[in-house]
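Sequence lines set the chain letters: A, B, ... in the order given, protein chains first and strands last, and positions in each chain run from 1.
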Number of protein chains: 2
Amino acid sequence: MPGTSGQAQGGRPEGARAAGDGAVEDALTPDGRSTRWADHRVARRTELVHAARRAVHRHGPDVSMDEIATTAGTSKSIVYRYFVDKPGLQRAVGEAVVAQMHTAMDEAARLAETPREALRGVVDVYLEMAEASPNVYWFVTRPVTEDASVPLGHFLDQVAGLIARPFARVAAVEAPAGFADVWATGAVGFVRGVGEWWLQHRTDPDAPSREVLTERVTSWLWTGPVSGLARTRPESPMTGQITSETSSETTSETSS
Amino acid sequence: MPGTSGQAQGGRPEGARAAGDGAVEDALTPDGRSTRWADHRVARRTELVHAARRAVHRHGPDVSMDEIATTAGTSKSIVYRYFVDKPGLQRAVGEAVVAQMHTAMDEAARLAETPREALRGVVDVYLEMAEASPNVYWFVTRPVTEDASVPLGHFLDQVAGLIARPFARVAAVEAPAGFADVWATGAVGFVRGVGEWWLQHRTDPDAPSREVLTERVTSWLWTGPVSGLARTRPESPMTGQITSETSSETTSETSS
DNA sequence: TCACGAAACCGACGGTATCAGGTACTGTGG
DNA sequence: CCACAGTACCTGATACCGTCGGTTTCGTGA
């Protein structure tokens, strides 16, 4: 499945100085000189992610690392201390965004009473995110151009995971395992496609509002293109809510 | 400035001596010295596109222009005489691929008896193309990273157009104008998403074959994820009938 | 006159290395 | 207990390298 468990959080630099990675089991003697940075590091890292987000928001998805560093009030050296490389940063930002969406989606899913409604909520969250900052959206979404395409941990895969989880529950009854994941991947692709189209045509006079588009997309996804009107059918209840342990950091983030 | 003018096929260099964007000018100028090169130019151009394709196929979607030129047996100077810039080349290659798919899709569409079958054909063509050369697929598919995201004329949009046209005919009866295009955009996104997932998991022992995947995707796209089994409902007539034949999955058998 | 193609060149950018501080902890000796 | 040296790690600035997209120059050939 996409985004399997997941370690490998964000592109961290390997040479993590941090608490005795190797060395003799100094578990006995946690050197204060090393440990004292622990929290500082995570703080700084998220701060950098935040800055990167702002930089991208302002200067577009192609900001240079220099520009990002400047926005963060520091220099490349620091940025590269916290992120292996640019794709690494991209991943980290992507994860932040995913985390944010995660909570929003949980919210939407909890309020939903049918799987279809849950799906609709997810679509809306996605679109809302893209609209909030197209630049960040592109930054996070764009394949990392890395030689090995899609170095995994890709943003879209994570989103797919988000939508697959609740859906799998329902699908489990009627579809072989693994189907849910693939479908979710496709579904994300669908809203991605429509979403990106929308980002470019939002301004057009005859462009649909986000709400309308959301509903339309949900319908297409759920029942196909042939007008679903008479297609309504009693859905499987799908337990009342979906809930999933949220958490994730802050989420505060504001891009502007 | 970009935009304004219309389509602007493939990224041609504006300053191109004569020719401009159409051979028109050549036709008008009886000057032998001009016409002499007219056909040569188009020949060379397609030749370069072909070379680019080979280069990409061999060296990955991130080949340098130098490498492409070398593969073509020439140097950058020439490449830049025929294409404004790298995105321009990308577009040109994309168009070549689209053209290829176009004929294949027409073939598929002609053989299809129901819209669903036509869709299935399209999906298959897309997947086939991606599988034929993942590298070229990525090259053509990857957003041009240009500042202005999606400089239009994007490969995927063209594919969406391909699938929208025949579909629009059917949809016209029951959906407002423009719906078909948007749906097509989403549909392309769907198969793109699944396709890219598949490209990475093709090798896995439990990965579905292209045929199976095609059927599955078509089904999802056409009738949604809730297994169509009990979905039997009298379809709106649409052109002919939907013939639910095969609509259920024979797909389930393989692996998974 | 036009295209060709080699080659030098430019600037931007990703990424690395160096270096001169800075601060809190650890260890020792008095 | 205190002072002081040493340590572990962080900070940023700057210079630097290689690559690559793209331009220019110039000589060749039809």
Would A/Tyr80 and A/Met65 count as a side-chain contact (heavy atoms from CB on, under 4.5 Å) here? Give the steps.
CA-CA 9 Å; A/Tyr80 277 102; A/Met65 289 299 264; 3.5 Å; yes
In whole angstroms, how far is the C1' atom of C/dG14 from the CG atom of A/Asp85?
9 Å
N-O pairing of A/Glu95 and A/Arg91 below 4.0 Å:
no
May I ask you to decide if B/Val98's main-chain N or O and B/Gln158's side chain share a donor-acceptor pair within less than 3.5 Å?
no
Nearest-nucleotide pick for A/Ser34, side chain only, options being D/dG22, D/dC9, D/dG12:
D/dC9
Which residues pass the salt bridge (Lys or Arg N to Asp or Glu O under 4.0 Å) test with A/Glu47, sequence neighbours left out?
A/Arg44
Closest to the A/Tyr80 side chain, choosing from D/dC10, C/dG14, C/dC4:
C/dG14
Protein-nucleotide distance (A/His40, atom NE2; D/dC9, atom P), rounded to Å:
13 Å
Closer than 3.5 angstrom, by distance alone: can the side chain of A/Asp85 be matched with the main-chain N or O of A/Gly88 as a donor-acceptor pair?
yes
Is there any protein nitrogen or oxygen under 3.5 Å from a nitrogen or oxygen in nucleotides 7-9 of chain C, and what are the pairs?
residue, atom, partner, partner atom, Å
C/dA7, N6, B/Ser77, OG, 3.2

Contacts of type side chain to side chain donor-acceptor pair (under 3.5 Å), residue B/Ser133, not counting sequence neighbours
B/His57
Per-nt protein contacts along nucleotides 20-27 of chain C (heavy atom under 4.0 Å; B base, S backbone sugar-phosphate only, - none) come out as ---BBBS-
Pairing residues for A/Arg210 by the side chain to side chain donor-acceptor pair (under 3.5 Å) criterion, not counting sequence neighbours
A/Asp124, A/Glu131
For A/Arg33, all residues meeting salt bridge (Lys or Arg N to Asp or Glu O under 4.0 Å), sequence neighbours excluded
A/Asp31
Residues two or more places apart in sequence or in another chain: which of them pass salt bridge (Lys or Arg N to Asp or Glu O under 4.0 Å) with B/Asp66?
B/Lys76
Mind grabbing the angle between the end helix axes of the helix from C/dT1-D/dA30 to C/dG30-D/dC1? Five pairs an end, 10° rounding.
10°
Is any side-chain N or O of B/Arg44 closer than 4.0 Å to OP1 or OP2 of C/dA3?
no
Just the rounded figure in Å: distance from C1' of C/dC13 to NE2 of A/His59.
16 Å
Can you name the residues that form a side chain to side chain donor-acceptor pair (under 3.5 Å) with A/Trp197, not counting sequence neighbours?
A/His201
N/O donor-acceptor pair under 3.5 Å between A/Trp198 side chain and A/Pro208 backbone:
yes
Roughly, in whole Å, what's the span from CD1 in A/Ile78 to P in C/dG15?
16 Å
Identify, with sequence neighbours excluded, every residue that meets salt bridge (Lys or Arg N to Asp or Glu O under 4.0 Å) alongside A/Glu107.
A/Arg110
Passes side-chain contact (heavy atoms from CB on, under 4.5 Å), B/Val123 versus B/Val194? Steps please.
CA-CA 11 Å; B/Val123 171; B/Val194 174; over 6 Å; no
A/Ile68 CD1 to D/dG12 C1': how many Å, rounded?
17 Å
Polar pairs (N or O, both sides) under 3.5 Å between protein and nucleotides 18-20 of chain D?
none

Write down the distance between OH (B/Tyr82) and P (C/dG5), rounded to a whole number of angstrom.
9 Å
Taking side chain to side chain donor-acceptor pair (under 3.5 Å) as the test, write out the residues that go with B/Gln100, two or more places apart.
B/Arg53
